There are 2 protein chains.
Amino acid sequence: MNIAKRKILQAASELFLEGGIAALSVRSIAKHAGVSTIGIYSHFQGKEGILDELYIQGFELVMQAMDFEQHDLSPKEVMRRGIRGYFAMAEAHEGHYRLIFGENDSRYTPSEEAKNVAEKAFGQLLKVTALLLPDDANMALKHKNALEIWAFVHGYVSLKHHAVASIFETPDWYVMAEDALCMHIDAILATHTHLNSE
Amino acid sequence: MNIAKRKILQAASELFLEGGIAALSVRSIAKHAGVSTIGIYSHFQGKEGILDELYIQGFELVMQAMDFEQHDLSPKEVMRRGIRGYFAMAEAHEGHYRLIFGENDSRYTPSEEAKNVAEKAFGQLLKVTALLLPDDANMALKHKNALEIWAFVHGYVSLKHHAVASIFETPDWYVMAEDALCMHIDAILATHTHLNSE
DNA sequence: TTCTTTAATATAACGCTGTTATGTTCAATC
DNA sequence: GATTGAACATAACAGCGTTATATTAAAGAA
């Protein structure tokens with residue numbers, strides 16, 4: 001990759017990590033990268049292109065959070081570690097997290113390439129959550145199951161990130177979240193052992 | 001309320017319903033309301049003031065969605081109707097929904113008055129979700145429980161609103177959501193009957 | 001080497017945003 | 001009738017993403 005291109009991307013990444021999307025102006029990225037504003041347009045497709053790169057970075061973080069050695073772990077334990085990793089990632093990279101979930105007014109919509117990365121990440125999520133299901137579960141059930149876990153996990157993250165969180169004075173937010181999710185996972189497991197035994 | 005003030009608020013509300021926060025520029029509100037741009041600053045505190053009003057509107061919609069006759073309904077049925085109402089509201093007023101959950105880059109943070117309305121809405125949620133718990137449940141448990149339901153419900157809404165939703169081709173999104181939530185509600189109920197009986 | 005072509009840079013501008021300073025008009029109060 | 005104060009309009013400010021134009025540097029061909 002070009003030097004200038006890499007410098008721009010790094011400057012954007014740093015600014016984004018610090019101040020979220022509010023700190024990401026084309027002029028400020030260019031200034032921090034030591035290039036002219038027009039450089040953002042020759043090396044990327046303007047701000048849209050920058051956001052696309054950060055979007056992809058975001059989903060790579062999601063995948064890293066769910067990528068660990070699963071050997072000798074029970075399905076439930078794998079889920080628990082995945083969930084913990086997800087929460088930790090969401091806290092450490094709030095900007096990226098908000099970007100990939102469209103939580104900014106900007107008219108940004110991910111490119112096809114970016115969407116492919118998103119689908120890949122969902123594929124990984126699908127693989128992990130499928131551990132809770134019988135081996136012969138069909139695709140529709142796997143999708144429903146993955147979405148179920150994801151919605152629950154993301155719900156906690158999203159509420160935590162937003163202003164409404166100040167209503168609760170809950171220091172152990174993600175401990176509570178993990179408890180609730182474990183309960184739900186038990187319920188899912190129970191459903192299928194029940195179905196299998198009849 | 002002043003005529004001009006009411007006209008501004010209605011114009012803002014209409015523009016917001018149509019095109020979300022992207023359609024909400026001070027000049028466009030003023031134009032639609034038939035006032036000068038400066039009118040937004042004399043009648044409200046600029047755009048911040050407008051957003052505050054819409055934020056309050058949003059939480060009033062949340063409260064309306066959970067406000068129905070509960071007489072002769074089981075706790076689970078009350079929950080089910082509340083959840084349905086919440087989903088319907090979130091679909092019909094996506095702009096408001098995204099605003100109250102901070103899903104826009106704007107540096108907007110709700111005023112004290114707006115936060116009070118938010119807390120009031122949470123109080124109502126607390127009352128409904130407490131139906132699932134034993135009468136002697138303490139406040140911490142009620143909070144945990146309400147947050148649990150809210151995170152799950154909001155997770156489905158938030159994923160549906162955002163770009164990642166296109167990964168699934170799920171026409172019956174909210175049916176699936178209701179199923180998953182019912183399962184979770186059963187698990188909660190089971191936990192407490194179990195605790196009571198031992 | 002010289003000429004031409006192409007890519008990267010710089011400057012300045014366009015139309016938009018939220019906000020505000022400056023006048024102006026009009027109604028109410030002393 | 002004079003004065004005060006609120007609502008109004010106009011125009012401007014600094015910032016935004018983006019782009020047209022001009023300039024420079026480098027590479028390829030004669």
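In this text the structure is predicted, and so the values were computed from the model without any measurement. Throughout, a chain's letter reflects where its sequence line sits, starting with A, and its residues are numbered from 1.
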Checklist entry - Checking B:Ser28 side chain against B:Leu24 main chain: does a donor-acceptor pair fall under 3.5 Å? => result no

Checklist entry - Just how far, in rounded Å, is C1' of D:dA12 from OH of B:Tyr41? => result 14 Å

Checklist entry - Out of B:Tyr97, B:Tyr156, B:Tyr174, which residue meets the side chain to side chain donor-acceptor pair (under 3.5 Å) rule with B:Tyr86? => result B:Tyr97

Checklist entry - Between atom OH in A:Tyr108 and atom P in D:dT18, what is the gap in whole Å? => result 13 Å

Checklist entry - Separation of A:Gln45 atom CD from D:dT19 atom C1', in whole Å? => result 15 Å

Checklist entry - What residues in residues 31-39 of chain A put a non-hydrogen atom under 4.0 Å from any atom of DNA chain C? => result A:Ser36, A:Ile38

Next on the checklist: At 4.0 Å (heavy atoms only), tell me whether A:Leu24 reaches a base, stays on the sugar-phosphate, or touches nothing.
Outcome noted: sugar-phosphate

Checklist entry - Does B:Glu113 CD have over 12 foreign heavy atoms under 6.0 Å away? => result no

Checklist entry - Is there a donor and acceptor pair, one atom on the side chain of A:Arg27 and one on the base of D:dG17, closer than 3.5 Å? => result yes

Item to check | Check: B:Ser158 side chain, B:Gly155 main-chain N or O, donor-acceptor pair, under 3.5 Å | outcome: no

Item to check | Criterion ring-ring contact (aromatic ring centres under 6.0 Å, His included) against A:Phe101, the qualifying member of A:His154, A:His96, A:His162 | outcome: A:His154

Item to check | Spacing of A:Lys47 atom NZ relative to D:dT18 atom C1', expressed in whole Å | outcome: 12 Å

Item to check | Atom-pair distance (CD on A:Glu48; P on D:dT18), nearest Å | outcome: 7 Å

Checklist entry - Would you find more than 12 non-hydrogen atoms of other residues, nucleotides or ligands less than 6.0 Å from B:Gln10 atom CD? => result no

Checklist entry - If only atom types and distance count, is the side chain of B:His32 paired as donor or acceptor with the main-chain N or O of B:Ala11 below 3.5 Å? => result no

Checklist entry - Can you tell if the side chain of A:Ile50 reaches within under 4.5 Å of the side chain of A:Val26, non-hydrogen atoms only? => result no

Checklist entry - Is the phosphate of D:dA6, meaning OP1 or OP2, less than 4.0 Å from a side-chain N or O of B:His43? => result no

Checklist entry - What integer distance in Å separates B:Lys5:NZ from D:dA6:P? => result 15 Å

Next on the checklist: Pairing donors with acceptors under 3.5 angstrom, does anything connect the side chains of A:Glu148 and A:His184?
Outcome noted: yes

Next on the checklist: Below 4.0 Å from chain B heavy atoms, what is the first contacting nucleotide of DNA chain C and what is the last?
Outcome noted: C:dT17 to C:dA21

